[in-house]
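Heads up, the thing below is written out as structure tokens.
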2 protein chains.
Amino acid sequence: MFAASKKGKEALPGDLAPIGRHSSLGESAYAALKDSLIRGALQPGTKLTLRSVAQVLEVSTTPARDAITRLIGEGGLINAGPKTVIVPYLSLPDLDEITAIRLSLEGLAAEQSTNHVTEADIHELEELQQRINRGLDEGRYTDVLDANKDFHFLIYRRSGMRRLVTIIESLWLRMGPAFNGLYPEFAQSRTGVSNHLWALRGLQDRDPAAVRAAIENDIRSGYRRLSSQLGAAGDQQGEPVT
Amino acid sequence: MFAASKKGKEALPGDLAPIGRHSSLGESAYAALKDSLIRGALQPGTKLTLRSVAQVLEVSTTPARDAITRLIGEGGLINAGPKTVIVPYLSLPDLDEITAIRLSLEGLAAEQSTNHVTEADIHELEELQQRINRGLDEGRYTDVLDANKDFHFLIYRRSGMRRLVTIIESLWLRMGPAFNGLYPEFAQSRTGVSNHLWALRGLQDRDPAAVRAAIENDIRSGYRRLSSQLGAAGDQQGEPVT
DNA sequence: TTTTGATATTTGATGCAACAAAAAAGTTTA
DNA sequence: TAAACTTTTTTGTTGCATCAAATATCAAAA
């Protein structure tokens, strides 16, 4: 069928180039669309067409197609008909399932991170937390959500488990659109703050169970707020009544 | 940016069609390649080119490209150079990470399945187990692995969590190639049998913790066997020495 | 023999056109 | 007015040509 590669390349003496990164229009388009979805820039129900995406991203249909196809595979977009791709609605059952998986995986990542986290990391986390606090004070809710995401993923990355982080990212990707139009209401609560402080303390103490508990609490409190908003905002962005 | 669709489609009276499935060359190519990977038909290190895949699958480069791109996104294939896509090697750290995630997610799926599993399901699982036993007796190791997969995923599907099952599938996809050429050695052990029996008993008793424990044990025992094989088979299919 | 460099080949990325299917718009009819 | 039909437009799919970059091949030089 296919030939297996057998060669083993010689390592360069200087061993410099850490491998040039990917750069292709398809990759960029994918990243751009994904980013829009994660940060809730796209309202659930938004219909995406090949050519409209291509136009907005200023690429041809081929890279746009790449991006859409991949995002559908991840669940970030869904096929809602023969020729209709839309930003998915987040139903309560969906939220339940995603939350259950998040508790498992982000809990695991949080635990593991205690083994690798550095003092510098903790300082950075404290700065992010200050950014969150300031954002709450000054009503810059987008900042709050951004910093919140950075806070979580900095911890998760320190698990040293790349695949795990990727999977968690795909879960946030699925949640993103549900935040569309909810920024003020959602970010206003300060219950998340204490959870983050507990997480920080746990990291300093190198206490995996404590960090896990803090993250789990944070996820649960987010779940409560989001699930109530899902019901309340039904007419504006909820699932279309069938 | 994009227009949001506002229509709410009328639900069909009969509400039958569970939505006609996708059928496109790209989708088929993806499914075919993915299947090859999961069942270990492709040796790690195998180099895939657009045109070779297109030729084998008897499609043009476009669907082949779709399949490869998506699989790379899932980690089922990796980019090992500027223009080189290969079936990934499974290193021990990789296996460790995947196993940790599997314990979390397959444990969760196993737990949840106890809430929905039916008598018919249990019967089917028993039949699958008999197929496993027969396969072991008669040395039909491919059958053993196939039935083993069916056994696990029947349980996981009964969790009612679709996304969870998809994620678990992507983990198996990552493990598949490591089984290439290991069928006899790997399937010979019968330690998995008792774990399956424990799982069955747990399902009958509707005991989530017991089912979870059985599945976790099964995963751990598989981990032990595979990790030792990984080291042993180094020269034949291990990572190329650099 | 090994190394070096030039040449030929292969490769993925990208854009694009053709096509059929689907949706939308418009028109006619009851 | 609404239902049924027709026409027009839009859409995703697919194949393919082009191009630059990477690879493989091979011959000359050391």
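On a predicted model such as this, the values are computed, not experimentally measured, just so you know. Here is the naming used below: chain letters follow the sequence lines, and residue numbers restart at 1 for every chain.
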Separation of [X] atom [atom1] from [N] atom [atom2], in whole Å?
| X | N | atom1 | atom2 | result |
| --- | --- | --- | --- | --- |
| B:Ile86 | C:dT11 | CD1 | C1' | 16 Å |
| A:Leu48 | D:dT11 | CG | P | 12 Å |
| B:Leu77 | C:dG12 | CG | C1' | 15 Å |
| B:Leu50 | D:dA21 | CG | C1' | 15 Å |
| B:Gln55 | C:dT11 | CD | P | 10 Å |
| A:Ile68 | D:dT13 | CD1 | C1' | 13 Å |
| B:Asp66 | D:dT13 | CG | C1' | 9 Å |
| B:Ile72 | C:dT11 | CD1 | P | 15 Å |

Considering only heavy side-chain atoms of B:Pro82, the closest of D:dT23, C:dC16, C:dG15 is D:dT23

Which of C:dT11, D:dG12, C:dA13 is nearest the side chain of A:Ser24? It is C:dA13

Just to be sure I understand the rule, does B:Gly81 reach a base, reach only the sugar-phosphate, or reach nothing, if contact means heavy atoms closer than 4.0 Å? nothing

Check your understanding: Base, sugar-phosphate, or nothing for A:Leu25, non-hydrogen atoms under 4.0 angstrom?
Key -> sugar-phosphate

Taking the basic N atoms (NZ, or NE/NH1/NH2) and the acidic carboxylate oxygens, is any pair closer than 4.0 Å for [X] and [Y]?
| X | Y | answer |
| --- | --- | --- |
| B:Arg65 | A:Asp66 | yes |
| B:Arg163 | A:Asp94 | no |
| A:Arg102 | A:Glu97 | no |
| A:Glu74 | B:Arg70 | no |

_Just N and O in the side chain of B:Thr62: are any of them under 4.0 Å from OP1 or OP2 of D:dT14?_
no

Between A:Arg51 and D:dT11, does any side-chain N or O lie under 4.0 Å from OP1 or OP2? no

Point to revise | A:Asp121 side chain to A:Thr118 backbone, donor-acceptor under 3.5 Å | key: yes

Task: Polar side-chain contact A:Lys83-C:dA22 base: donor and acceptor under 3.5 Å - done: no

